[in-house]
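Right, one structure below, let's go through it.
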Amino acid sequence: MYSIYSGNTGSGKTSKLKTDYQRLAAEQGSEKILLFLNSARSVSQFREELDIEMMGNLNIYTYFGFVNQQLNKNWPAVERKYSGSNQLIEPTFMNIETSHFLMSNYVAKYRKDRSYFRSIKARPVQIAVQLIDNLNLAAFNMLGFKELKQRMLGWTQNDEERRKYAEQSLEIMKTFRNFSLTYRLFDYSAAVSLFNKYLLADPDYLSNLKKQYNYLLVDDLEKMIPAGQELIKSLIESQIKGIFTFNESGGFNRFFGGNPAAAKKRFFKAEAEIIEINKNYTASEASSDLAAEIKKVIKERKSNLVQSSLLLEEIDSELRGEMLIKVGKKIISLLKKGVKADQIAVISPKIDKVLSFSLQQILEKNGYRLSNFNRSKRLIDIPFARALLILYLFHCERTNIVGVSSLQQALSLLLELDPLRSYILAEEIAASGMKLIDLDQSGLREKINFQSAEKYDYLKDWLQDKKEEELEIEDFFQLVFSEVLAPLDPSQEDIFACRQMIESVARFHQAVENFHQHKNDLSERYIKMIYEGTLAAETLFKGQEKEAGVILASPYKFLFSPELAGVDYLFLLDISSSDWLQSIAKELVNPYIYTEQWQQIDNWNDSLDQKIRLNQLSDFLISLIYKVKKGIYIADSFLNSSGKEQEGPLYRWLDVRGE
């Protein structure tokens with residue numbers, strides 16, 4: 001028997017689940033409860049908000065975190081089934097950067113040696129992302145490689161070039177997968193496949209789980225991948241009691257494997273207790289009526305007069321820059337009336353530099369802040385992590401890739417120098433061939449002040465001492481942080497970025513050194529990836545701190561951030577942009593072809609593509625509406641930032657003025 005809280009965004013489903021967890025933990029102990037949440041940030045936030053005074057171990061995971069933990073815990077049994085013997089004590093789970101590093105290496109090699117993907121302009125690392133997505137999506141939908149191949153080739157239909165690229169993709173993916181299994185280096189797809197094949201199908205394993213847990217709680221069932229849904233189903237069938245939440249319009253993460261239709265088919269059955277929740281804590285009373293109208297308009301795809309007390313104003317301009325100025329003025333007006341900054345959200349399908357810079361300038365000029373939830377920070381963009389990298393490059397004498405600007409910023413931090421003095425010092429070091437200079441010989445000691453000069457001398461001597469120790473890169477990073485950076489009072493973001501750098505390179509080495517002969521070359525390639533701005537360079541934050549600023553985000557980022565409960569006012573920007581109706585399919589990957597709904601006898605055509613786009617748009621808009629309490633502003637411009645006419649149809653469908 002299991003219960004499902006079913007309701008729209010903001011109806012309090014997660015709060016009810018949290019209350020149930022607290023109650024059950026008090027009655028039976030938290031170690032008897034297994035809880036699945038949809039993201040690492042949600043796990044972290046859920047743990048922090050619990051009253052754990054009388055609780056035991058917290059078994060709170062994402063699905064992937066649980067899979068990795070179970071494979072590690074039960075690896076000897078999996079290894080015996082997999083290879084027939086105990087070859088390895090434990091596997092290695094690749095992080096994002098390691099898997100993309102390996103796949104991009106294969107793509108680059110096949111491109112060079114066999115001229116693969118000749119007409120595709122994307123870089124190897126960008127192609128690698130799509131190939132890994134294919135492997136992930138197949139595993140998430142419990143499909144073997146044979147079925148993956150059939151679906152990819154079926155998707156190409158009669159297009160010879162697409163079929164050729166699909167065949168090339170399959171060859172590289174198979175090479176990558178075989179390598180991964182041979183060396184026991186598991187990415188997400190390999191881990192999920194092994195878990196389903198060797199653990200979930202084992203009655204003894206399920207019996208042990210039944211003994212370990214009495215309750216299974218799952219938040220956002222609609223966002224759970226089908227493989228995760230199958231695990232939930234298996235646990236429920238083994239008589240573990242369940243409490244789940246489900247959002248009818250929560251299918252906006254289909255690209256990442258979520259499948260609301262599959263979840264509803266699996267769990268909305270006679271034995272389920274469906275608890276409908278109609279109340280909403282983050283929305284206006286007019287939200288449900290507006291949501292129904294929006295859904296109807298998008299389904300019919302024609303102009304319709306949409307009237308609602310929630311729709312306060314439409315802001316129109318010919319030029320996008322003018323529109324952004326008007327939006328900025330309206331936001332300032334609300335702020336001056338007493339609206340809190342974090343109760344205003346600006347949502348656009350694409351957060352470009354023009355949008356973020358313009359709003360930031362307008363707000364800062366008036367003494368307010370912008371909290372950009374779509375900012376993508378590379379490790380090298382964070383001062384402490386950048387200093388860590390630059391000191392390593394001086395340590396190993398690879399300073400040819402260090403720029404004067406980066407060095408100047410690092411010196412400002414390390415020596416506590418103002419920008420002018422740090423620039424003078426950086427220029428002198430660059431002029432000497434990017435080698436640390438003698439301050440007395442260069443006559444800079446007095447110019448940069450004696451206190452900073454003493455710190456420079458210490459840093460120079462410290463680096464010289466470490467050269468004699470022949471440290472591995474991860475050991476060097478650890479020493480730099482503990483002996484040089486930690487005394488400089490780093491922020492939580494700085495600490496997390498440095499820790500991510502240290503853990504990342506350590507895991508990278510651990511995963512790759514078994515088959516790579518030159519460790520120095522490994523370190524150099526890792527650093528190069530960070531400088532190039534690949535996925536390996538992205539800081540994997542636990543979650544962005546909610547700043548006291550006006551929120552700027554894409555629809556997905558806003559809805560998928562657990563720290564954003566709801567706002568008073570919402571600005572929907574660029575309504576005539578075609579980005580509101582982006583396809584989930586890319587050149588080499590299409591998430592839909594791996595789902596249970598995909599009928600291979602049907603062609604992938606514009607009609608089907610449009611249907612999926614419209615469903616996603618409807619889910620986005622309805623979920624956004626249920627996050628607003630007081631009012632929505634719609635803003636648009638005839639021309640985009642590049643001066644081109646915007647041709648998206650959404651502005652015609654949402655006729656709020658009756659024109």
On a heavy-atom basis, the closest approach of V43 and I60 is CG1-O, 3.9 Å

Is a donor on one side and an acceptor on the other found under 3.5 Å between the side chain of S452 and the backbone of L415? yes

Do K466 and E469 pass the salt bridge (charged side-chain N to carboxylate O under 4.0 Å, His left out) test, and can you show the C-alpha distance, the side-chain angles, and the key distance before you say yes or no? CA-CA 5 Å; K466 297 307 176 236; E469 297 182 29; 3.6 Å; yes

Minimum heavy-atom distance V404-E427, with the two atoms named: CG1-OE2, 3.5 Å

Excluding sequence neighbours, so at least two apart, what forms side chain to side chain contact (heavy atoms under 4.5 Å, CB included) with Q409? R386, S405

Is any side-chain N of the basic residue among E428 and K447 closer than 4.0 Å to the acidic one's carboxylate O? no

Before giving the answer on side-chain contact (heavy atoms from CB on, under 4.5 Å), spell out for Y106 and L131 the whole-Å C-alpha distance, their side-chain angles and the decisive distance to 0.1 Å. CA-CA 11 Å; Y106 281 124; L131 301 191; over 6 Å; no

Y198 vs N74 side-chain heavy atoms within contact, under 4.5 Å: no

I would like to know whether I429 and M434 meet side-chain contact (heavy atoms from CB on, under 4.5 Å); could you show each step before the answer? CA-CA 5 Å; I429 293 173; M434 275 297 173; 4.3 Å; yes

Check I448 against R421 and note the closest heavy-atom contact, atom names and distance. CA-CD, 3.7 Å

Interatomic distance, E49 atom CD to R47 atom CZ [nearest 0.5 angstrom]: 13.0 Å

Just wondering, do L363 and R369 contact through their side chains at under 4.5 Å, heavy atoms? no

On a heavy-atom basis, the closest approach of S169 and F117 is OG-CE2, 3.5 Å

Could you tell me whether the side chain of V354 reaches within less than 4.5 Å of the side chain of L324, counting heavy atoms only? yes

To the closest 0.5 Å, what do you measure between CD1 (I362) and CG (L370)? 10.0 Å

Output the distance between atom CG (L436) and atom CG (D457), rounded to the nearest 0.5 Å. 10.5 Å

At what distance, to the nearest 0.5 angstrom, does CD of Q168 lie from OG of S115? 9.0 Å

Where do L414 and K455 come nearest, in terms of heavy atoms and distance? O-CD, 4.3 Å

Checking I344, V346, V567 against I551 for side-chain contact (heavy atoms from CB on, under 4.5 Å), the one that qualifies is V567

Close side-chain approach of L170 and L148, heavy atoms under 4.5 Å: yes

Can you say whether the rings of F560 and Y556 are parallel (under 30°), tilted (30 to 60°) or perpendicular (over 60°)? parallel

Within the distance-only criterion (no hydrogens, no angle test), does the side chain of S371 pair as donor or acceptor with the backbone N or O of V550 below 3.5 angstrom? no

Between atom CG of L35 and atom CG of D219, what is the distance when rounded to the nearest 0.5 Å? 7.5 Å

Decide whether R177 and S189 meet the rule of one side-chain donor and one side-chain acceptor closer than 3.5 Å. yes

Report the distance from atom NZ of K350 to atom OG of S554, rounding to the nearest 0.5 Å. 12.5 Å

Could you check whether any side-chain heavy atom of F373 comes within less than 4.5 Å of a side-chain heavy atom of L564, counting everything from C-beta outward? yes

Step by step, work out the side-chain contact (heavy atoms from CB on, under 4.5 Å) result for N640 and D574. CA-CA 8 Å; N640 63 20; D574 303 312; over 6 Å; no

Using a 3.5 Å cut-off and no angle test, enumerate the donor-acceptor pairs between side-chain atoms of residues 475-488 and protein atoms at least two apart in sequence or in another chain.
from, atom 1, to, atom 2, distance (Å)
S482, OG, Q478, O, 3.0
S482, OG, L479, O, 3.3
E483, OE1, W462, NE1, 2.7

I would like to know whether I132 and S99 meet side-chain contact (heavy atoms from CB on, under 4.5 Å); could you show each step before the answer? CA-CA 8 Å; I132 288 175; S99 58; 4.1 Å; yes

Any side-chain donor paired with an acceptor under 3.5 Å for Y61 and Q69? yes

Only one of Y188, F64, F195 passes ring pair (Phe, Tyr, Trp, His ring centres under 6.0 Å) with F140; say which it is. F64

Could you check whether any side-chain N or O of T399 sits under 3.5 Å from a backbone N or O of V402, counting only pairs where one atom can act as donor and the other as acceptor? no

Under the salt bridge (charged side-chain N to carboxylate O under 4.0 Å, His left out) rule, collect the residues that match up with E446, sequence neighbours excluded. none

Going by heavy atoms in the side chains, are K460 and D438 under 4.5 Å from each other? yes

Residues S442 and I437: closest non-hydrogen pair is OG-CD1, 3.7 Å

